Structure formats: C-alpha cells, structure tokens
Visitor: 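Here it is, the structure, as structure tokens.
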Amino acid sequence: MSLDAVLARIDADLDAALDRLMALLRIPSISTDPAFKADCDRAADWLVADLASLGADVRKCPTPGHPMVMGTIGEGARHFLFYGHYDVQPVDPLNLWHRDPFDPEVQDTPKGRVIRGRGAADDKGQLMTFVEACRAWIAVNGSLPCRITFFLEGEEESGSPSLVPFMEAHKDALKADLALICDTGLFDSRVPAITTMLRGLLGEEFTITGPDKDLHSGMYGGAAMNPIRVMARVIAALHDETGRITVPGFYDGVPEISNALRAQWEGLGFDAGAFLGDVGLSVPAGEAGRSALEMIWSRPTCEVNGIWGGYTGDGFKTVLPSKAHAKISFRLVGQQDPLAIRESFRKMVRDLLPPDCSVEFHGHGASKAGQFDTSDPAFEAARRALSDEWPDTAAYIGCGGSIPIAGHFLNIAGTTPMLIGFGKDDDQIHSPNEKYDLESFHKGIRSWARILQALS
Ligand code: BES
Ligand code: ZN
C-alpha cells in the first residue's frame with residue numbers, strides 16, 4: 001500500500017478525472033426548480049453508475065423530493081461516511097454569465113486555471129475530489145483501506161426537505177467512525193482547513209398587505225397607508241445603530257468565543273481589507289467592536305435577501321400597491337434557538353404594523369449552529385495529512401455558511417462530522433460565473449488520498 005503510487009496515479013489521471021467532472025457539470029440538476037426534476041434524477045443516475053464502476057454496492061433511493069444516492073465500498077476496521085450534494089443553485093441572472101452555466105470549460109485566468117460552470121465548486125467538483133481519490137486508491141491497491149458509505153443528496157440547495165426523515169429511516173447505515181463532508185473551503189490558497197463551526201440558518205418570507213387592491217397614488221396617496229413604507233420601517237427596525245439585531249431575545253444563547261479561540265483566529269492573520277476589497281468594499285458592516293472574522297464566523301446576523309412590491313418594470317407607474325414582500329434570513333451561532341427566534345421575529349413585525357395593515361408569514365429552513373468536537377485523534381491525523389499536501393499547516397476554522405446535515409449526522413446517527421473542503425472565497429458559489437480552481441480539484445483529490453491513509 002503505497003501512498004506515493006496513489007498520488008502518482010491521481011496526477012496521471014487528472015485529465016480523465018476532469019472529463020468525468022465535466023460530464024456531471026453538464027447535467028443541470030437545479031433542485032429548487034421543478035422544471036429540472038428529470039435532470040436531478042439524471043445526476044443521481046450518473047453518480048450511481050460512476051460509483052458502481054468503482055465496485056461500490058450503490059443505489060438510487062427515492063424520497064418525496066429528489067433521490068439520494070447511497071452506496072458502500074471497501075472493507076476494514078474503520079468505517080467512514082462521505083457526504084456531498086449533487087444538486088446546484090439556479091443560474092439567474094443568466095445574462096451575467098459569460099457562457100452557458102451548464103457548458104463547463106477549463107479556463108486560463110490571471111490567478112490560474114479554473115473549472116467554470118454551475119456546481120463546479122458547490123458541490124460537484126468538491127464531491128468528485130473524494131470519489132476520484134477512491135478511484136485512484138482502488139486502481140493502485142485493488143481495494144480501499146477502509147469501509148466507505150457514500151451518501152449523496154440532491155436537495156441541499158433547496159433546504160433538504162426529505163433529509164431528516166430519510167436519515168431517521170437509515171439511521172443504522174449512517175453510523176460510522178466519522179462523517180466526512182466536502183462542502184466547505186480552504187482558509188486561503190496556502191492554508192487548508194478543517195471547519196469546526198458552522199452557522200445555523202433561519203429563513204422567513206413575509207407579505208404586508210395594506211389596501212385590498214392596488215390604488216392610484218394620486219387619488220388615494222396620503223389617505224391610504226402604503227405597505228412598502230411599512231415594510232421599509234420594519235426592515236429598518238431590525239438593526240440598531242451599532243449593528244445589533246433588535247429582535248427581542250435574539251442574543252439568548254450567543255456565546256463569547258474563548259480567549260484561546262480568539263488567539264488562534266488572530267494567529268491566522270485574516271486580511272479583512274483584502275477579503276472586502278475583492279468584492280468592492282472596505283468597511284466591515286457588522287456589529288460595532290467585532291473583528292471581521294468574528295462577524296462571519298461567530299456572530300449572528302440578519303440579512304434581507306430580497307424585497308419587492310409595487311411597480312418595478314420599465315417606465316413609471318403611479319401606483320400605491322396593495323402588498324409588499326420580503327425574504328430575510330438569520331445566521332445563528334452558539335445555542336440560539338431558531339424556532340424561538342421565529343416566534344419573536346413574527347411578534348415584533350406584528351407589533352410594528354399600523355392600523356389596517358396585516359402580515360402573512362411563510363417560514364423557510366430552521367437549523368441550529370454547529371460546533372464540532374475535534375478531540376478524536378482522527379482530526380489531528382487528518383490535519384497532518386492536509387498539511388503534507390498544501391504549502392502551509394492546516395487550520396481549524398469557522399464558516400459563515402450553513403450545512404445543516406453536519407448537525408444531523410451527530411444528532412440522528414451519533415456520527416461526528418469532519419468538514420474538509422477546497423473551495424475559495426472567490427469561487428462565486430450561488431452567483432454567476434461560478435468556478436473551482438483546477439488546483440483545488442487536483443490537490444483536493446490528493447488531500448483525500450492522504451487523509452484516507454491517515455485515518456485508516
Ligand atoms: N456549500 C454551501 C455552504 C458553504 C457556504 C460553505 C459558504 C462554505 C462557505 C452550501 O451548499 C450552502 O450553500 N448552504 C446554504 C444553506 C442551505 C440550508 C440552503 C447556505 O449556507 O446558505
Ligand atoms: Zn450552496
């Protein structure tokens with residue numbers, strides 16, 4: 001069993017691995033849009049066929065939504081789950097893409113070679129890093145050094161409606177030494193990372209209604225309450241002048257990070273100026289007195305994701321609209337309770353309504369933050385393995401995003417999640433022109449080969 005031979009095999013097979021990823025990227029598996037249901041199914045079929053070609057015992061498992069792909073391969077004392085998602089985000093606004101999002105291409109850019117296309121980084125390119133590492137390992141050694149259960153989801157980008165019931169029903173199959181999840185990022189292009197903190201997420205959509213029909217703003221304006229004005233007041237009231245969120249009880253369960261963690265994060269030398277500079281900004285906009293890294297990793301937020309109402313088409317229309325709409329999301333940390341915050345938020349909005357206005361709410365996802373234990377020696381072993389592949393030593397980091405399944409692995413199956421990924425901040429996930437660096441893909445595959453050896 002020679003790691004060097006596996007790494008050499010990965011290098012030699014890179015072009016073929018890229019071709020396989022391109023084939024998966026060509027399938028427009030947008031989970032949130034019913035028009036792409038057959039494509040989600042096709043992506044699941046593609047993965048079943050690919051894992052079967054490795055010798056896995058694998059099948060497509062139906063759910064009320066999109067299918068899961070589950071399979072096992074390998075033998076050994078150690079058993080690891082691997083999770084990734086094959087669904088992708090919608091592509092709109094399509095006019096901002098420089099090419100068809102589902103006609104992926106390897107491109108040369110001033111910062112290196114990239115794989116361009118929807119899903120390249122989130123999460124098809126990342127999930128294939130693990131599959132390709134297994135493929136190379138098997139090609140060289142005939143079999144894997146451990147048992148792997150693949151668990152690939154097709155609903156992650158649409159809030160995973162089928163996930164918890166499915167996990168409850170397959171609890172036993174999901175018990176393993178660790179759940180490896182490849183859906184996060186590097187700290188930067190030199191420093192690989194194991195993510196140990198994820199923020200939770202609470203989504204709320206609401207509609208404020210004033211008059212029972214759209215009105216002429218000259219005939220009624222002044223006498224009739226405008227619901228967009230009410231919506232603007234509600235949204236403006238969600239933060240105070242120091243950037244704190246004003247929903248009553250919102251900070252219940254928000255911990256201060258320990259001095260040790262603060263010192264460790266300071267040691268990472270995060271460059272907030274460059275982080276914001278890359279997106280055309282310069283001043284951190286969160287709670288006063290917090291570092292930018294705290295703002296994204298360990299502090300909760302409230303963001304308006306969309307707001308609409310009235311006439312927004314070309315030209316001009318003097319309408320006094322009947323309705324105003326908004327979608328907002330809260331990122332949660334520590335022990336914040338999403339359902340308690342939902343109730344408190346809804347009460348706050350109702351209390352802010354003037355006479356004659358009403359509000360209807362529609363809740364989206366509600367997941368708690370996750371903080372994962374790294375005391376299992378496997379974490380240090382994985383950290384050393386990552387450090388052998390990348391220029392600098394691997395770091396334990398937080399993540400501003402949310403991956404609710406990490407908490408489900410722990411709570412439903414008792415399996416500790418280990419989050420390792422190779423994305424970069426400039427991958428433009430969820431946005432036009434998503435990319436994954438060829439280096440992330442190549443070194444990602446090599447990293448997993450090293451980790452498999454270290455953990456087995
Ligand atoms: N891969 C992301 C999570 C992520 C985001 C990791 C940023 C690292 C950096 C994942 O696919 C995702 O987008 N999650 C959603 C939550 C989900 C419940 C819709 C998110 O964070 O908004
Ligand atoms: Zn995503």
Side-chain angles (χ1 to χ4, degrees), residues 25 29-33 40 65-66 83-91 101 117-130 152-164 167 180-188 192-205 270 275 278-279 293 295-298 300-306 327-333 338 363-370 372 395-409 417-432 434-437 440 444:
L25 291 174
S29 47
I30 302 171
S31 58
T32 197
D33 185 341
C40 291
H66 302 300
Y83 169 86
H85 61 92
Y86 67 77
D87 64 320
V88 300
Q89 284 276 324
V91 295
R118 173 56 92 224
D122 190 9
D123 182 41
K124 290 171 176 173
Q126 299 241 73
L127 90 80
M128 288 306 289
T129 59
F130 188 84
L152 309 176
E153 188 195 355
E155 299 187 324
E156 197 272 350
E157 299 291 9
S158 47
S160 302
S162 311
L163 186 66
V164 170
M167 291 181 77
L180 307 174
I181 300 178
C182 192
D183 196 21
T184 51
L186 302 164
F187 176 69
D188 63 31
I194 301 179
T195 297
T196 63
M197 291 169 72
L198 291 165
R199 290 197 288 192
L201 186 63
L202 171 68
E204 284 283 276
E205 179 168 349
F270 180 69
F275 177 70
D278 278 349
V279 295
L293 209 53
M295 288 176 188
I296 53 175
W297 286 357
S298 67
T301 64
C302 166
E303 295 296 344
V304 185
N305 303 117
K327 291 179 197 267
I328 67 172
S329 57
F330 298 91
R331 296 280 170 180
L332 309 178
V333 303
H364 290 277
S367 65
K368 293 189 74 166
F372 307 112
Y396 290 119
I397 65 170
C399 172
S402 306
I403 305 178
I405 194 173
H408 301 326
F409 277 129
M418 181 188 275
L419 294 122
I420 295 174
F422 311 99
K424 291 193 180 165
D425 289 340
D426 67 358
D427 283 346
Q428 291 172 252
I429 62 171
H430 295 207
S431 297
E434 178 176 350
K435 61 90 174 159
Y436 195 44
D437 286 8
S440 291

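As the structure is a prediction and not an experimental result, all values here were calculated from the model. For ligands, and for the atoms within them, numbers begin at 1 and follow the listed sequence.
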Visitor: Please name the residue in the list Ile420, Thr129, Leu127 that meets the side-chain contact (heavy atoms from CB on, under 4.5 Å) test with Cys182.
Guide: Thr129

Visitor: Just to confirm my output: which protein heavy-atom neighbour is closest to atom 22 (O) of ligand 1, and how far is it?
Guide: Arg331 NH2, 2.8 Å

Visitor: With backbone taken as N, CA, C and O and side chain as the heavy atoms from C-beta onward, which portion of Asp183 lies under 4.0 Å from ligand 1: side chain, backbone, both, or neither?
Guide: both

Visitor: Any side-chain heavy atom of Glu205 within less than 4.5 Å of one from His364?
Guide: yes

Visitor: Exactly one of Met128, His85, Glu156 should register a side-chain contact (heavy atoms from CB on, under 4.5 Å) with Asp123. Which one does?
Guide: His85

Visitor: So, regarding Thr184 and ligand 1 (criterion: nitrogen or oxygen to nitrogen or oxygen, under 3.5 Å), is there a contact or not?
Guide: no

Visitor: Quick one: which ligand 1 atoms are inside 4.0 Å of a heavy atom on Asp122?
Guide: 1 (N), 2 (C), 11 (O), 13 (O)

Visitor: Does the side chain of Gln126 come within less than 4.5 Å of Tyr436's, by heavy atoms?
Guide: yes

Visitor: Report the residues that fulfil salt bridge (Lys or Arg N to Asp or Glu O under 4.0 Å) with Lys435, sequence neighbours left out, ordered by chain and then residue number.
Guide: Asp426, Asp427, Asp437

Visitor: Would you call the rings of Phe409 and Tyr83 parallel, tilted or perpendicular, where under 30° means parallel and over 60° means perpendicular?
Guide: perpendicular

Visitor: Is any protein N, O or S atom closer than 2.8 Å to the Zn ion (ligand 2), and if so, which?
Guide: Asp122 OD2, Glu157 OE1, Glu157 OE2, His430 NE2

Visitor: Heavy-atom distance under 4.5 Å between the side chains of Asp425 and Asp278, does that happen here?
Guide: no

Visitor: Taking the side chain as every heavy atom from C-beta outward, state whether Glu155 and Leu163 have any atom pair closer than 4.5 Å.
Guide: no

Visitor: Would you mind checking which non-hydrogen protein atom is closest to atom 7 (C) of ligand 1, with the distance to 0.1 Å?
Guide: Ile429 CD1, 4.0 Å

Visitor: Need the ligand 1 atom indices (1-based, order shown) with element for anything under 4.0 Å from a heavy-atom of His85.
Guide: 11 (O)

Visitor: Taking the side chain from Glu157 and the backbone from Gln89, do they hold a donor-acceptor pair closer than 3.5 Å?
Guide: no

Visitor: Report the member of His430, Arg199, Glu156 with the shortest heavy-atom distance to atom 17 (C) of ligand 1.
Guide: Glu156

Visitor: Do me a favour and list the nearest non-hydrogen protein atom to atom 15 (C) of ligand 1 with residue, atom name and distance?
Guide: Ser402 O, 3.7 Å

Visitor: Using atom types as modelled and distance alone, determine if a side-chain donor or acceptor of Arg199 lies under 3.5 Å from a backbone N or O of Gly400.
Guide: yes

Visitor: Give the single entry among Gly84, Gly401, Ser160, Cys399 that approaches atom 8 (C) of ligand 1 most closely by any heavy atom.
Guide: Cys399

